[in-house]
Asker: 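This is the structure I have questions about; it appears just below.
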Number of protein chains: 2
Amino acid sequence: MKETKLGDFEETLLLLVGILDKEAYAFKIAEEFESQTQRAVSIGAVHSTLNRLSEKGFLTSEMGEATAERGGRRKRIYSITAHGERVLKESRDFKLSLWNQYPAFATGKLNFIFE
Amino acid sequence: MKETKLGDFEETLLLLVGILDKEAYAFKIAEEFESQTQRAVSIGAVHSTLNRLSEKGFLTSEMGEATAERGGRRKRIYSITAHGERVLKESRDFKLSLWNQYPAFATGKLNFIFE
DNA sequence: ATTATTACTTACTAAAAAGTAGAACATATA
DNA sequence: TATATGTTCTACTTTTTAGTAAGTAATAAT
């Protein structure tokens, strides 16, 4: 296990970036994480993880437009790179494959995903 | 993120134990890992990870019968605990759910797994 | 006997992931 | 102007995961 890969929390955040699309900025990501997992996260943990993901080349980001809302500091909008998407996909395929081989999980329903 | 959970390598090994069933002993697990991932692992890494998984309550094990093969030291056979299976299942469900929400991945094919 | 092979065990180290703390900034409202 | 709100940033610490090293054991083959 040498290559740069994804931790669990990292993978979740990466996916949330993909899900949130144009709304993928740290605060929103943190909120979404909490609502999807019922677990608390500190915003700092999210920021440092997003940084790590960027350094690893899985994410890029750019500053969004200034908003005229209260607290309207400009948001940094994240998006998944091609590399990030590829790694995510590989990770998914590998897991689907394993689950499928484990009798306790194999519903037979995942088979045709590998059509 | 406080609760005891699974690292990536741990999750893979846990699943391999489930897949290998009666053949789930460290050496075989290491071989299977290499064949399924095309990555090398050291047997020591596998042993220490299996230990960790046992301490966390995800696995149990017992010594198998002595075999009359060359190098026939008794094997320690691992199996997944109910707790291990539950955690594995939760992890799977959560991931399936996220993948399904990410447009780049959503084939629509995973939907009905949550029927 | 000696060596090769299949295995386990344990204590340790290294690396990576996760989380914390504290500061800063922009805007709106009171 | 002072305060609340929504937000980013980064250096640092802690915790967890992954991996190494070195030894032990049992058996078969030479």
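By convention in this document, chain letters (A, B, ...) are assigned in the order of the sequence lines, proteins followed by strands, and residues within each chain are numbered from 1.
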Asker: What integer distance in Å separates B:K56:NZ from D:dT16:C1'?
Answerer: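 Rounded to whole Å, this separation is 7 Å.
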
Asker: From CD of A:E55 over to C1' of D:dT10, roughly how many Å is that when rounded to an integer?
Answerer: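 Result: 11 Å.
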
Asker: Which is more 5' along DNA chain C, the nucleotide nearest A:S42 or the one nearest B:I77? Just name the residue.
Answerer: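 Final value for this comparison: B:I77.
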
Asker: Is B:L88 close to B:L6 at the side-chain level, that is, under 4.5 Å between some pair of heavy atoms?
Answerer: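 Yes, close enough: below the 4.5 Å cut-off.
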
Asker: Contact class for B:K28 vs. all strands (heavy atom < 4.0 Å): base, sugar-phosphate, or nothing?
Answerer: nothing

Asker: In this structure, how many angstroms lie between the P atom of C:dA17 and the CG atom of B:D8, rounded?
Answerer: 10 Å

Asker: In the structure I gave you, are the side-chain heavy atoms of B:L96 and A:L96 within less than 4.5 Å of one another anywhere?
Answerer: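 When only atoms from C-beta onward are counted, A:L96 and B:L96 do touch, with a gap below 4.5 Å.
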
Asker: A:F27 has a side chain; which of D:dT20, D:dT7, C:dC8 sits nearest to it?
Answerer: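 Looking only at side-chain atoms, A:F27 lies closest to D:dT7.
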
Asker: Is A:I43 touching bases, backbone alone, or none of the nucleic acid, heavy atoms closer than 4.0 Å?
Answerer: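 Here A:I43 touches the bases of the nucleic acid.
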
Asker: List, one per line, each side-chain donor-acceptor pair under 3.5 Å for residues 19-31 of chain A, sequence neighbours excluded.
Answerer:
none

Asker: Going by atom types alone, do B:E34 and B:Q38 pair a side-chain donor with an acceptor below 3.5 Å?
Answerer: no

Asker: Expressed in angstrom and rounded to an integer, what is the separation of A:L6 atom CG from D:dA18 atom C1'?
Answerer: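 Between C1' of D:dA18 and CG of A:L6: 16 Å.
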
Asker: Quick one: are A:L59 and A:L50 in side-chain contact, heavy atoms under 4.5 Å?
Answerer: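 The answer is yes, as the side chains (C-beta and beyond) meet within the 4.5 Å cut-off.
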
Asker: Going by ring pair (Phe, Tyr, Trp, His ring centres under 6.0 Å), name the residues that satisfy it together with B:F58, two or more places apart in sequence or in a different chain.
Answerer: B:H83

Asker: List in chain and number order the residues that pass ring pair (Phe, Tyr, Trp, His ring centres under 6.0 Å) with A:Y102, two or more places apart in sequence or in another chain; answer none if no residue qualifies.
Answerer: A:F105

Asker: Starting from P on D:dG19, measure out to CG on B:L53 and report it in whole angstrom.
Answerer: 13 Å

Asker: Within the structure, does a side-chain N or O atom of B:Y25 lie under 4.0 Å from either OP1 or OP2 of C:dC8?
Answerer: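 So the side-chain polar atoms of B:Y25 never come under 4.0 Å of the phosphate oxygens OP1 or OP2 of C:dC8.
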
Asker: Quick one: B:R76 CZ to C:dT6 P, roughly how many Å, whole number?
Answerer: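 One finds 21 Å between P of C:dT6 and CZ of B:R76, rounded.
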
Asker: Any residue in residues 44-52 of chain A with a heavy atom nearer than 4.0 angstrom to DNA chain D? Just list them by number, or reply none.
Answerer: A:H47, A:N51

Asker: Do A:R92 and B:K95 have side chains that get closer than 4.5 Å, going by heavy atoms?
Answerer: no

Asker: Using whole Å, what does the distance between atom C1' of nucleotide C:dA16 and atom NZ of A:K5 come to?
Answerer: 9 Å

Asker: Between atom CZ in A:F9 and atom C1' in C:dT20, what is the gap in whole Å?
Answerer: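 Interatomic distance, CZ of A:F9 to C1' of C:dT20: 13 Å.
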
Asker: Among pairs that include at least one residue of residues 42-55 of chain B, which meet side chain to side chain donor-acceptor pair (under 3.5 Å), considering only residues two or more places apart or in two chains?
Answerer: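 Every pair satisfying side chain to side chain donor-acceptor pair (under 3.5 Å) with a residue in residues 42-55 of chain B: B:E10-B:R52, B:T49-B:R52.
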
Asker: For nucleotides 24-30 of chain C, read 5' to 3', which letter fits each nucleotide if B means a protein heavy atom sits under 4.0 Å from the base, S means only the sugar-phosphate is that close, and - means neither?
Answerer: BBBBBS-

